[in-house]
Amino acid sequence: MRTSWADSVSNSAAEIAISDKNSLPRPTRSTYVPPHLRSGSISDLSGPVSGTNGGSRWTGSDGGGTKPELRRQGQANSYATAGRDAAAGGGGGGRNNRSGGWDRREREVNPFGNEDKIYDIKQNFSEQENSGINFDAYEDIPVEVSGENVPPPVNTFAEIDLGEILNQNIRRCKYLKPTPVQRHAIPIALAGKDLMACAQTGSGKTAAFCFPIISGIMREPYAQRSHVGRTVYPLGLILSPTRELSCQIHDEAKKFSYQTGVKVVVAYGGAPINQQLRELERGVDILVATPGRLVDLLERARVSLQAVRYLALDEADRMLDMGFEPQIRKIVEQMNMPNRGVRQTMLFSATFPREIQRLASDFLSNHIFLAVGRVGSSTDLIVQRVEFVLESDKRSHLMDLLHAQRENGNHGKQALTLVFVETKKGADSLEHWLCMNGFPSTTIHGDRTQQERELALRSFKSGKTPILVATDVAARGLDIPHVAHVVNFDLPNDIDDYVHRIGRTGRAGKTGLATAFFNESNLSLARPLAELMQEASQEVPAWLTHYASRAPYGGNKNRRSGGRFGGSDFRREESIGKNLDYYSGGNSGNAYGGLVDIAGGYAPGVTSAWD
DNA sequence: AAAAAAT
């Protein structure tokens, strides 16, 4: 049913042409119109988000016919400076005051202020988050870029003119130089291009999509933060697959947007909605959310996606897999979000299976594909071990590992160890058993209340319970500093999940250890796991190689979406052998846009961006 | 088969 990539490009071109003509970005598919929008006024409200019509586009009636409050009017205060700074070199007018009727900078809590009090990890580990990154390794980072007119990467933040306020925040974050994914992704995003980016978490992904969004909103010549009645209209939407990840993104985005006047709000389930509603009412430019709660807010008509100019999906492959895809499709295609090509869409993940890339192209318009290895050249920082452990021996084997770790550790202190299991029940039961056996543990999974989940995470981070037993809820994106060891007590069925899980360690330039318990119930993983470990120059036990060689051929969807991490552009793979070259015009011969190993003799599906 | 995500 899915149209081919070429089709989707021409479709989206057609959509753009149409929307350029009458300035009314409309969904092309038959869409569900939520009840509160059924009578009449969608088109009135869906003018070009570029703001060329200024406030006049709001004159249509909506529900009660309330004219949205344009808060900037009459507010001529110091934000004008912020706007000019940000817009310098950006062409077009500076962004006007985005504050409400008060100077938000006076009230804004300094997000850089008291972090160390909240989590006392930094004293314990005395480490600046970003100083551990091995910047010298930058030149060795393998990069694959494909797409048309790829902007060249930058080497410093100064080259990217994000404005003085953002620059200050970058300094406050102690970011000295952009990470590889930032070097490439930020110019692409600032050029207004849609983007599909593969980069390991911990490599600065969040900043890579936040900076351009914040900067873009700051450059808005017209204040777009408006509301109709109680409905708010965010300009940026960032979706993630877990509540904790949304919180984490929100925390980071708040730092990046400090004193910019760009308001970031988070909304997720499991927490009382009222506080989130109140926060939304105070105005929102960028909404960070999990899908379920967002749908709730949309159905309550407390949020409208009509003004969204920037859409970012973190852990995008997860967001588009079977469990989430219908919800995401509903949000992106069946509410009133501007079409692809009208809004800017950015998808980020460490892994991007081809199937998901194909699916994702529904949401993208002529996107640039980017795959960047991580700082420290992919997994060199993570030592991967795999051990054959019978189901019945797993607990005692884990115990042995933990004992050994404690003895070798500093002052008999247990290093932070993240233990992944398959099921929620299994997590509870293992945690209980560990506690009974003298290993202070906690657990995080979807059957726990949000309070319990957040408490568990804090307790783990602080070292109070240095063992965290987790389901896949903790597999992706979570930035937990100082995790020394990831144990795959139960291996996942999908190699990509394995990649995400072990990525919880070896972060920010530190080394990490990942141990997997393998037995006959993991046969389907034998081949991809052996391949992955080999690519990462890890020692592959002979017995695993044996299992791998006997494993059914091609039983894995990732055979292979790319190298160890990331992937390669599915459009390219599908063009190989079909004598189609969609990209010959854009970047051949360009030092940055050139395709890595396109003629390297790999069969489709087994190309690697990293070799 | 399991996990996540709204109440």
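Within 4.0 Å (heavy atoms only), A:Asp472 reaches no atom of the nucleic acid at all. Within 4.0 Å (heavy atoms only), A:Gly323 reaches at least one base atom of the nucleic acid. At the heavy-atom level, A:Arg243 lies under 4.0 Å from the strands shown only through sugar-phosphate atoms.
Between A:Phe352 and A:Phe570, the distance from one ring center to the other does not fall under 6.0 angstrom. For an aromatic pair to be called close, the ring centres must be under 6.0 Å apart, and A:Phe439 with A:Trp433 fails this.
The 5' end of DNA chain B is approached more closely, in terms of each residue's nearest nucleotide, by A:Met322 than by the other of A:Met322 and A:Arg453.
Bounding nucleotides for the chain A contact on DNA chain B, 5' to 3', at a heavy-atom distance below 4.0 Å, are B:dA1 to B:dT7.
Ring geometry, A:Phe388 versus A:Trp543: the interplanar angle exceeds 60°, so the pair is classed perpendicular (tilted spans 30 to 60°).
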N/O donor-acceptor pairs under 3.5 Å from side chains in residues 418-427 of chain A, not counting sequence neighbours:
from: A:Thr423; atom 1: OG1; to: A:Gly426; atom 2: N; distance (Å): 2.9
from: A:Lys424; atom 1: NZ; to: A:Asp447; atom 2: OD1; distance (Å): 3.2

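Among residues two or more places apart in sequence or in another chain, the salt bridge (charged side-chain N to carboxylate O under 4.0 Å, His left out) test is passed with A:Arg395 by none.
Between the side chains of A:Gln450 and A:Glu244, a donor-acceptor pair is found at a separation under 3.5 Å.
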